[in-house]
There are 2 protein chains.
Amino acid sequence: MAKLNYRTLRQEVVDEIRQKILTGEFKEGERIKENEIATLFGVSRGPVREALRQIEQEGLVHYERNVGCSVAAITQKDVYEVCLLRAALEVLSVKLCHGKISKGTLDKMRESVQRMKGMETDLYALTQEDKFFHNCLVEEAQVSRLKHTWWTMGSNHAVLLCAHQNGTKTHYDQHLELLQCCESGDTAKIVEAIKAHYNLKTDYVQRTQLQI
Amino acid sequence: MAKLNYRTLRQEVVDEIRQKILTGEFKEGERIKENEIATLFGVSRGPVREALRQIEQEGLVHYERNVGCSVAAITQKDVYEVCLLRAALEVLSVKLCHGKISKGTLDKMRESVQRMKGMETDLYALTQEDKFFHNCLVEEAQVSRLKHTWWTMGSNHAVLLCAHQNGTKTHYDQHLELLQCCESGDTAKIVEAIKAHYNLKTDYVQRTQLQI
DNA sequence: TCACATGAAATTGTATACAATCGTCAGTAT
DNA sequence: ATACTGACGATTGTATACAATTTCATGTGA
């Protein structure tokens, strides 16, 4: 009864590997050998393989047949792509709920923003918090596949990178701004805020002046 | 040298299972036992597990821990969701290439539409052709993650269902219409055509009058 | 020196074997 | 009759073992 919601080895390994990639312990391009991971975590290769395949889906690692698995190199283009997709999906969410974001969700977002205040140096924690914040928006639409698509897009890595590049405003400021627009209940205003939020993140998008 | 691009067992099994689900051989809610599949295809459980996990990502099957895997039941809401997402992603693609679809792509789309002419009864083939057609649009944006997201959305099943429900126009007619708009090079026109294309597919979308 | 063949080591791909968990169905007490 | 208990079978979760492929170093010949 104690192990009501215990987790499978695969899930544990997924989290471990993901963290090690996001914190930079596993560097871009570095090879990930199934056996190494397995002995490192004290498990067999089975769960490791399954975990790596899932992480591959998220775009954090790359498999080459009969050669192996390596940490995906995140280019400027990847950052651009992830921002593009996240923006599109979040805009869709807002449109679906007609800009009306429930009080409960707004509260969660406010708390999230407050937590960001003291995190500006801990990039990994910031990434997790960023995911939580934006997930609130995506959840509001109550479209399960939209949420699933958003989550499995492998946005982590790219967003983390963005944190480095964006020195003008703190994450706290950026999300506070977005949050305030969300409180307005005005679809158009929120949509613009989302676009601005992601445009800020990469000058590539700014340069090409994309109308998302 | 002959097996220059042979495929791994996992990939083969993925295709086999996918086909069996889409053709209705594996029915909604039906349990899929790893051992059964393994002996059926003459392979071991390893590749079967990996294949099923991938198909789970696509939303065609569902795993329950220590219980098993079953074919996902596709509801009206699923159809709605997939149409919503496909529309959003395809609209994004068109906007990214400013409505200018290359001649080569248009040619491929024309050929695809022609092939649809004689397929109206073969739902599986139709689904594959539908994917090919729409993939042309998504590829045009040259955003690899956009394409990846579109593909791993598990659109197959829902689209197949749509084929049943939509008696007003043949698939050939629907895609011919869309193709003709694509030839115009006018972003707004194409976007409207895409929305109409997917709105047609499910009255749910029509009822809610969603502005994608 | 360079191209190419060759073979061993390492790694992934696949198969088999064992362990843990869950569902079922008698059986029993209330 | 019903609710609970417990053991059995079936299925998934995990570990180990083997096969196939690739890589890399080494050696050989021109």
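In what follows, every chain begins at residue 1, and chains take the letters A, B, ... in the order their sequences are listed. The basis for the numbers below is simple: all heavy atoms, side chains too, and nothing from hydrogens, waters or symmetry mates.
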Reckon [X] has a side-chain N or O less than 4.0 Å from the OP1 or OP2 of [N]?
X: R49(A); N: dG13(C); result: yes
X: R45(A); N: dT16(D); result: no
X: R53(A); N: dG13(C); result: yes

### Task
Determine the interplanar angle of the H197(B) and H134(B) rings, folded into 0 to 90°, and report it as parallel if under 30°, tilted if 30 to 60°, perpendicular if over 60°.
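Rings of H197(B) and H134(B): tilted, as their planes differ by 30° to 60°.
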
### Query
Between H148(A) and Q57(B), is a side-chain contact (heavy atoms from CB on, under 4.5 Å) present by the stated rule, with each step listed?
CA-CA 9 Å; H148(A) 180 257; Q57(B) 279 282 323; 4.2 Å; yes

Rounded to whole Å, how long is the line connecting atom [atom1] of [X] with atom [atom2] of [N]?
X: E50(A); N: dT12(C); atom1: CD; atom2: C1'; result: 15 Å
X: R65(B); N: dG23(C); atom1: CZ; atom2: P; result: 11 Å
X: I37(B); N: dA15(C); atom1: CD1; atom2: P; result: 15 Å
X: K33(A); N: dT23(D); atom1: NZ; atom2: C1'; result: 12 Å
X: R7(B); N: dT14(C); atom1: CZ; atom2: P; result: 12 Å
X: E12(B); N: dT14(C); atom1: CD; atom2: C1'; result: 14 Å
X: R10(B); N: dA15(C); atom1: CZ; atom2: P; result: 14 Å
X: N35(A); N: dT22(D); atom1: CG; atom2: P; result: 19 Å

### Message
Closest-nucleotide mapping onto DNA chain D: is G46(A) or E64(A) further toward the 5' terminus? I mean the 5' end.
### Response
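First, find each residue's nearest nucleotide; the 5'-ward one identifies G46(A).
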
### Query
Relative to the 5' end of DNA chain D, which residue comes earlier, N66(A) or G42(A), by the nucleotide with the nearest heavy atom?
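Upstream on the strand: G42(A).
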
Consider the side chain of [X], meaning its heavy atoms from C-beta on, and name the nucleotide among [options] that approaches it most closely.
X: R31(B); options: dG13(C), dT11(D), dA15(C); value: dT11(D)
X: V67(A); options: dT14(D), dA15(C), dT23(D); value: dT23(D)
X: E34(A); options: dA15(D), dT11(D), dT12(C); value: dT12(C)
X: V43(B); options: dA15(C), dT14(D), dT14(C); value: dA15(C)

### Query
I32(A) near the nucleic acid: base, sugar-phosphate alone, or nothing, with a heavy-atom cut-off under 4.0 Å?
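Here I32(A) touches the backbone only, sparing every base.
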
### Task
Using a heavy-atom cut-off of under 4.0 Å over every strand shown, decide if G68(B) touches base, sugar-phosphate, or nothing.
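Counting heavy atoms under 4.0 Å across all strands, the contact made by G68(B) is with sugar-phosphate only.
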
### Query
Hey, are the side chains of E81(A) and L146(B) touching, using non-hydrogen atoms and a 4.5 Å cut-off?
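No, their side chains stay 4.5 Å or more apart.
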
### Query
Between H171(A) and F133(A), does the ring centre distance come in under 6.0 Å?
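They do not qualify: ring centres at least 6.0 Å apart.
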
### Query
With distance as the sole criterion, is a donor-acceptor pair present between the side chains of S93(A) and E140(A) under 3.5 Å?
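No, no side-chain donor-acceptor pair sits under 3.5 Å.
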
